[in-house]
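Okay, structure first, notes after.
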Protein chains: 2
Amino acid sequence: MTPALSLYQRIAAEMRRDITSGVIKPGDKLPTERQLVERFSVSRDTIRDATAMLINEGLVERVPGRTGGMVVRDRVVVTFHASWAESPGAPVSEADSWITEVRALGLTPTQDFSCRMVTLSSEMAHQLRLTEPGPAVLRRCVRYVNDRPSSIQDTYYPKWLTDLVPDLLSPEDIKIGTTRLLAERGIVQTGYLDTVRARMATPEEAGLLRLGAGTPVLVKTRVACTADRVVRLTVETMAGDGNAIEYEIGGVEPITGAR
Amino acid sequence: MTPALSLYQRIAAEMRRDITSGVIKPGDKLPTERQLVERFSVSRDTIRDATAMLINEGLVERVPGRTGGMVVRDRVVVTFHASWAESPGAPVSEADSWITEVRALGLTPTQDFSCRMVTLSSEMAHQLRLTEPGPAVLRRCVRYVNDRPSSIQDTYYPKWLTDLVPDLLSPEDIKIGTTRLLAERGIVQTGYLDTVRARMATPEEAGLLRLGAGTPVLVKTRVACTADRVVRLTVETMAGDGNAIEYEIGGVEPITGAR
DNA sequence: CAGTGGTCTAGACCACTAC
DNA sequence: TAGTGGTCTAGACCACTGG
């Protein structure tokens, strides 16, 4: 049954066991590569093949420099409550909801806003139900947890909407939340279509989110509409396995009530 | 700005450009490793470092054997419509919904069922709102697209429920769907709490789903309840970037109507 | 400065698989 | 049997970073 693991796979398995069983804990350093060469009596490349597996699985991180080494990662999971906020009557904006969640984990949330004009791809224009590609406003929110980038949220507003609500062009955070701002101007969002996917980070994303090679991203695409029109497209790219998305469907009191 | 890419990174970038720009198309074979050694005048290990990046990004697959080689992957995305089915009044079962989706893409769906008794971990018992770990029935459904494993769906039913509805112990597919079966016995599910995460596949999952190393999985956890009790826990592990999950919140006619 | 990981070489032998 | 990727070795030099 077992397909005869190769040498580096057996070494990886042994180290993986030490990590998952807790012999080596998050934050602990692994032995140096040259120490592992001695311990297992193999070449350094074989050790690097083994540790590359652990890094690809998200268990371990390489830290360069004199006091560096390989460190067992400590992944805290931040949960996005997709069903909670963003309804016009919701008590909090989507951003507030995220900030609350991060603080509840004892971590420090930060956000960076920017705003610029872009030309929509035909793919994006189609998702916004526009007849053809055209200009749009892109509002970007980069979120940090303990100063490490955690997610990039890009929201595209079609030109007809920003003509109606020029406040959307503000390069600053809109305190009350864009959903409530739009509602106050008569644009009430009543429906969302979310699509969630997982894929490997592109090199650009790995740079932006400061991800190690071999880290996945969780991508949530949200198309929002009023009773008769599509008003925005939001693409949220989240770092690796440090984020989760939660959806409630129907009444969940028996589940959440016991918490 | 650019941090001086190393040799293997530059080679990877060049090959990546050929793939994403369409010079090399899905299904096409890359040159052999030894041909690439010649073309770039580097050692084979450097070529392997470069191609390992492409494999980790999910762009390329290695195929062993005489006529093997490195092949550009063609990823078709199957979408799970999480909001559609599973309501007792829904026209189709969750399985039917999936089968329809796969067929619509011109692919062939297959499913394998199995059923066995397991002991719940304390984590799972907590999710089922049981006071302590205990026995449960695990119904597993492995799904294949064109004979390649695509997802593993594990559903755990607590013992009190299988005592009430022994049909759940059937090792065969339940044609009408378990949700409708339970509804006929008076267990009407009215709420779901879904959590979606992305992470790297463990070696076991990579084996089950026949994934190459460095492929992410999309994990959907669904806890379902009736008006007053939690009745099941479903963990669905999906292969890499070949799957997506879709949620509808509120009225989405302006979005879906235009399709 | 000393030690870490990062990169690269030039070989070697193996398992697998279509021809 | 011939050619593919899979594994492994024993070196080498580099960039980076704390003491």
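Computed from a prediction, not measured in an experiment: that's the story for all the values here. A, B, ... follow the sequence lines: proteins, then strands. Residue 1 opens every chain.
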- prompt: Taking B:D28 for the side chain and B:I24 for the main chain, is one N or O donor matched with an acceptor at less than 3.5 Å?
  reply: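 Not confirmed, B:D28 side chain does not pair with B:I24 backbone.
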In whole angstroms, how far is the [atom2] atom of [N] from the [atom1] atom of [X]?
X: A:R48; N: D:dT9; atom1: CZ; atom2: P; value: 15 Å
X: B:I11; N: C:dC8; atom1: CD1; atom2: C1'; value: 11 Å
X: B:E33; N: C:dC14; atom1: CD; atom2: C1'; value: 14 Å
X: B:D45; N: D:dC13; atom1: CG; atom2: C1'; value: 16 Å
X: A:R34; N: D:dC13; atom1: CZ; atom2: P; value: 13 Å
X: B:E61; N: D:dG5; atom1: CD; atom2: C1'; value: 13 Å
X: B:E38; N: D:dT4; atom1: CD; atom2: C1'; value: 16 Å
X: A:L36; N: C:dG5; atom1: CG; atom2: C1'; value: 12 Å

- prompt: Less than 4.0 Å between a side-chain N and a carboxylate O, is that true for A:E236 and A:R140?
  reply: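 No, A:R140 and A:E236 are not salt-bridged.
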Check ion pair A:R39-A:E14 (N to O, under 4.0 angstrom):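 No, A:R39 and A:E14 are not salt-bridged.
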Answer yes or no: does a side-chain N or O of [X] lie under 4.0 Å from OP1 or OP2 of [N]?
X: B:R62; N: D:dG6; answer: yes
X: B:T67; N: C:dC19; answer: no
X: A:S43; N: D:dG11; answer: no
X: B:S6; N: C:dG6; answer: no
X: A:Q9; N: D:dT7; answer: yes

message: Tell me if the side-chain of A:R44 makes a donor-acceptor pair with the base of C:dG6, cut-off 3.5 Å, by modelled atom types.
response: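 Flag set: donor-acceptor pair detected.
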field: Base D:dG5 paired with B:R66 side chain (donor-acceptor, <3.5 Å)
entry: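 It does not, because no donor-acceptor pair links the side chain of B:R66 to the base of D:dG5 below 3.5 Å.
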task: Evaluate the side-chain proximity of A:R34 to A:T32: yes if any heavy-atom separation is below 4.5 Å, no if none is.
output: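 Sidechains of A:R34 and A:T32: in contact.
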- prompt: Any side-chain heavy atom of B:T51 within less than 4.5 Å of one from B:R62?
  reply: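 B:T51 vs B:R62: side chains touch.
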task: Specify the residue among B:G65 and A:T46 whose closest nucleotide of DNA chain D lies further upstream toward the 5′ end.
output: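 Taking each residue's closest nucleotide, the earlier one in sequence belongs to B:G65.
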